[in-house]
Amino acid sequence: MNSRILLFALLSLAGCTADKASENSAERLGLQETTYGRQLIEDSAAKANNILGFRDTHRFVGSWQLTSPSESKTEFVQVYLISPESVSAVYSIMVPNNCGCVFIQPKALEAWIARYSISVPHMLSVTPSDIVAFMLLHELGHVEHSDPGEFEAAKDPNSLNLDETEQKTREEQADNFALDLLTAASTDMDSLDGWLEAQSMQLALANLSWNLSAIRLLDNFGASVLCSRAVFQDAGYSHPNFELRMLYANDRLTKSPESHQLFASFEACRAKPQPLNLLEVPSEP
Ligand SMILES: [Zn+2]
């Protein structure tokens, strides 16, 4: 059986038991944990927890960090670092089914962040823990919404589309969940830690959005000018176009004429009719 299909089957069918805090979800699924990347995740979890602030419903904690049973209503969302031998790099961060936890493959996540922060000259600075903290808040959205896990990561350019799917809607809702938390923290001056984290994370998202545009123009200038489907549409049916998501996030947080213009221009390109014989340029190497 293909390893991706096997993982899908394991994560989809083997739901967690009710006693989430006392079990090791990675072990139960036969996945090996790694110690690599703990510092990044501890920093990111601390930032995400500051954004959660007075909301005492959830707190992120590494699976390696001991937690004492809490009498409050706080639920610990355990973050497991999964060894690259256990999971395909496609799954850099995800929420397994019915688990209320997050699986991260640190090396794949680091490579992903490096691509969007240091892979070409003149990129703007992005602190990795700011981006990972935002991702954790997005994953918490999936937990809160009881979404099934994210498994469809089609990379086939033939699957380029603008279709509305349930999975894409779930992703948009998880993005909005994280953005609502960031917006709340950025206007709450009573929680200075949360306010400072929110400013830092908003800057990181704005810079990431700029970097994505820079990569698109450097790698696919012709495709950008022609509004090629390969760059502007969605690759697969599980996630909306990543650059569009970041432009939307930046616009929601920044609310400037410039941020809105960037978002609107991208959407206009997506909607532009495509000639049938238009040469498409893949956006990934
Ligand atoms: Zn998601």
Side-chain angles (χ1 to χ4, degrees), residues 4 7-8 10-12 15-16 25-26 29 31 37 40-41 44-45 47-48 51-52 57-58 60 75 77-82 87-106 108-113 115-116 126 128-155 159 161-183 201 204-205 208-209 212 233-253 284:
R4 189 181 298 179
L7 179 70
F8 174 90
L10 282 171
L11 298 179
S12 298
C16 294
S25 297
L29 292 168
L31 303 177
L40 171 63
I41 302 310
S44 306
K47 289 186 179 202
I51 295 296
L52 290 169
T57 53
H58 295 89
F60 292 101
E75 187 168 332
V77 180
Q78 291 195 305
V79 182
Y80 294 87
L81 302 185
I82 307 298
V87 179
S88 158
V90 171
Y91 305 105
S92 55
I93 180 166
M94 62 182 174
V95 171
N97 279 7
N98 308 318
C99 201
C101 64
V102 180
F103 283 2
I104 288 178
Q105 196 198 122
L109 192 58
E110 278 185 356
W112 186 92
I113 293 171
R115 167 160 170 70
Y116 297 120
V126 174
S129 54
D130 280 334
I131 295 301
V132 178
F134 181 75
M135 289 176 162
L136 287 174
L137 296 174
H138 168 101
E139 301 304 329
L140 181 58
H142 286 309
V143 172
E144 286 266 83
H145 302 153
S146 301
D147 291 342
E150 308 161 37
F151 304 110
E152 189 183 336
K155 293 292 181 188
S159 67
N161 68 91
L162 292 175
D163 297 353
E164 292 180 11
T165 66
E166 266 184 54
Q167 286 171 297
K168 289 182 190 176
T169 299
R170 286 197 289 267
E171 293 308 317
E172 289 164 358
Q173 289 171 340
D175 280 346
N176 279 323
F177 178 88
L179 291 168
D180 287 345
L181 287 171
L182 261 187
T183 301
M201 288 169 64
L205 289 169
L208 184 70
S209 165
L212 278 163
Q233 294 197 359
D234 307 335
Y237 295 90
S238 62
H239 289 70
N241 182 289
F242 179 57
E243 184 173 350
L244 181 70
R245 289 169 65 190
M246 290 299 102
L247 288 171
Y248 169 76
N250 186 42
D251 187 37
R252 256 204 65 180
L253 296 168
E284 299 285 340

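Bear in mind the structure is a predicted one, so any value in this text is a computation, not a measurement. Read the numbers this way: they start at 1 and go in the same order the structure lists the ligands and their atoms.
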Stepwise side-chain hydrogen bond (donor to acceptor under 3.5 Å, both in side chains) check, His138 with Asp175:
CA-CA 5 Å; His138 168 101; Asp175 280 346; 2.7 Å; yes
Among the N/O/S atoms of His142, the Zn ion (ligand 1) lies closest to NE2
Of all the N, O or S atoms in Glu171, which one sits nearest to the Zn ion (ligand 1)?
OE1
Heteroatom N/O/S of His138 within less than 2.8 Å of the Zn ion (ligand 1):
yes
Partners passing salt bridge (Lys or Arg N to Asp or Glu O under 4.0 Å) against Glu110 (at least two apart in sequence or in another chain)
none
Less than 3.5 Å apart, any donor N or O on the side chain of Asn241 or Tyr248 sitting next to an acceptor on the other?
no
Measure from the side-chain N and O atoms of Ser92 to the backbone N and O of Leu109, and report whether any donor-acceptor pair falls under 3.5 Å.
no
